[in-house]
Amino acid sequence: MLSDTTLTAILDTTLGVVFTWLGWKTYKILWKYTPYSYPNARINAMEAKLLSEQRLGELAESRTLQNLIVNLEDTDYKNFMGSATTVDELERALERSLASTYLLMEDILPDRVSGFFRLLLEEWDVRNIASVVKAKKRGEPAVDYVLEIGTIVPRVRAMAEAKTMEEILVILEGTPYEEPYQKLLLDEISLTEFETWLYRIYYSKLLDYALSRKDEEERLILGEFVRTKIDITNIITLLRGKAAGLPGEEIRKSLVPGGTLKLDSALNVEDLGMALAELDSTKYGPVIRSVREEAEKDVSAVRDALEDYLLQRVGELTKFYPLSIATALSYILRKEREMRRLRALIRLVASGFSPERIKAIIGGGLAP
Amino acid sequence: MEPIVYVSLGAALAAGLAGAASAFGVGVAGAAAAGAVAEDEKNFKNALILEGLPMTQSIYGLITLFLILLSARIIGGGFRFTANTPDNIVKSAILFGAGLTVGLTGLSAIPQGIIASAGIGAVAKNPKTFTQGIIFAAMAETMAIFGLVGALIMIATGVGL
């Protein structure tokens with residue numbers, strides 16, 4: 001028979017083990033979900049305030065830019081519009097609104113993932129740098145191409161105002177973009193290769209960040225998001241290259257590594273139609289098939305369809321992981337889409353298009 | 001162990017564990033409520049109701065604490081199990097078990113807070129999901145109710161009030 005002391009010791013040890021296990025499990029659950037409760041509820045509330053199809057339809061009825069500005073006063077864009085009266089000023093307001101959304105996400109999300117939104121903002125740096133350098137090379141006024149969004153807007157503006165191409169190198173000094181620009185100046189790479197290099201830097205940063213997350217769920221969501229974005233970029237590059245009749249080897253130089261797709265066979269086909277057929281067997285096949293006819297005329301139809309697919313996929317992840325970074329990703333994609341549609345709407349209203357025509361152009365859901 | 005140690009531990013675990021879990025649960029749901037209200041004040045009422053759900057476990061813990069203390073006559077008379085007899089040890093161990101049951105099942109307040117937090121997010125996006133949000137969060141309550149019923153049976157049949 002066991003003595004009382006032994007029995008008590010066994011009981012105490014058992015309780016100790018049970019409580020330690022319970023404490024550890026509870027800590028893990030709290031560590032994982034608690035930091036998302038405030039931001040995700042706030043983001044969900046923000047999502048409810050995104051412009052509905054009906055509201056966009058009403059905005060399309062504005063007929064004049066002045067009326068549109070008055071109608072936009074009822075939306076969250078009011079805070080960014082100030083005294084905007086022209087198309088350019090309104091577009092700048094939209095860009096400031098989007099930039100503030102990225103920064104808000106960085107602010108409210110847990111530290112372990114918030115840096116991802118700072119990195120996403122860098123895509124606008126890449127776009128700005130590429131646009132400014134292209135405009136300078138073509139001898140156009142580069143200032144017109146600067147978007148008020150990104151992490152280095154003042155530098156980009158200085159680049160646009162630079163008198164010489166060498167001056168831009170000084171401005172880019174210390175950034176990851178210095179080396180590709182130096183090679184471009186020395187004519188060691190072409191403008192297309194320069195742009196690809198910028199995107200490779202951007203996507204490699206995103207992917208490194210995503211795959212270095214400690215939490216498996218975050219790694220999975222961010223990893224899938226970045227890889228899908230890379231796949232979309234590569235598919236569009238491939239299709240545009242094929243539409244322009246470029247050889248596979250030439251297109252390969254513009255592809256970004258890190259995606260899930262193997263494009264070797266699609267690169268070696270003759271034309272756009274065959275490239276679309278090759279993509280049929282990939283996971284993006286059903287999406288591409290749904291816009292096949294339009295895609296043969298205009299590749300941007302594939303881009304729109306793939307962006308919708310990404311939005312839908314992130315939406316699924318949001319439903320599966322409600323307290324995760326997927327909610328923020330889904331919101332930012334919706335916000336970007338809303339901004340694109342509003343930008344188009346502003347231009348169309350300013351150009352005097354009829355409300356019916358505007359509704360038909362900016363989205364199927366708005367068509368009468 | 002002395003009977004008084006079993007009884008005290010049982011009462012403390014019932015109220016302590018369940019109370020701490022409720023605090024975490026309300027904390028998680030409260031943070032979500034603040035997020036929803038920060039964007040739109042109209043979310044306040046719905047968020048408040050959902051936020052309050054994980055509080056019930058602490059009430060169960062408190063009820064159990066009183067029942068244990070009453071049953072052992074720590075409240076309302078002299079302590080019943082002063083003598084270190086096998087019968088007293090068994091009865092005080094039953095009270096300890098009852099407290100532990102409510103304390104452990106009261107931990108359901110933490111997942112309930114997480115569910116309520118997700119529910120607040122859903123309601124902020126679409127107010128029509130309020131009832132569903134309540135139902136989902138209330139599911140986690142079942143475990144705490146089972147625990148309380150189990151503890152009541154243990155106290156009533158094993159020791160008596």
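Residue numbering restarts at 1 for every chain, and letters A, B, ... go by the order of the sequence lines. All values below come from the heavy atoms of this structure, side chains included, with hydrogens, waters and symmetry mates left out.
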- Message: Which atoms of B:Leu13 are under 4.5 Å from chain A, going by heavy atoms: the side chain, the backbone, both sets, or neither?
- Response: side chain
- So A:Tyr321 and A:Glu316, side chain to side chain donor-acceptor pair (under 3.5 Å) or not? Walk me through it. CA-CA 9 Å; A:Tyr321 306 107; A:Glu316 283 166 11; over 6 Å; no
- Message: I'd like to know if A:Glu338 pairs up with A:Lys49 as an ion pair, taking the criterion as any Lys NZ or Arg NE/NH1/NH2 lying under 4.0 Å from an Asp or Glu carboxylate oxygen.
- Response: no
- Item | SB check A:Glu95 A:Arg343 (cutoff 4.0 Å) | yes
- Looking only at B:Ala21, B:Ala36, B:Gly119, B:Ala116, the option with the highest number of non-hydrogen pairs under 4.5 Å against chain A is B:Ala36
- Item | Carboxylate-amine/guanidinium proximity below 4.0 Å for A:Glu224 and A:Arg227 | no
- Message: Out of A:Leu323, A:Leu11, A:Thr327, A:Val18, return the one with the most heavy atom pairs under 4.5 angstrom to chain B.
- Response: A:Leu323
- Message: Heavy-atom cut-off 4.5 Å, strictly under: side chain, backbone, both or neither for B:Ile110 against chain A?
- Response: side chain
- Query: Is the Lys NZ or Arg CZ of A:Arg42 less than 6.0 Å from the centre of A:Tyr38's six-membered ring, within 45° of the axis?
  - Reply: no
- What part of A:Ile43 gets closer than 4.5 Å to chain B, counting heavy atoms only: side chain, backbone, both or neither? neither
- Item | Which portion of B:Ala47 sits near chain A, non-hydrogen atoms under 4.5 angstrom | neither
- Heaviest contributor of heavy-atom pairs below 4.5 Å to chain B, chosen from A:Leu30, A:Asn40, A:Leu50, A:Ile29, is A:Leu30
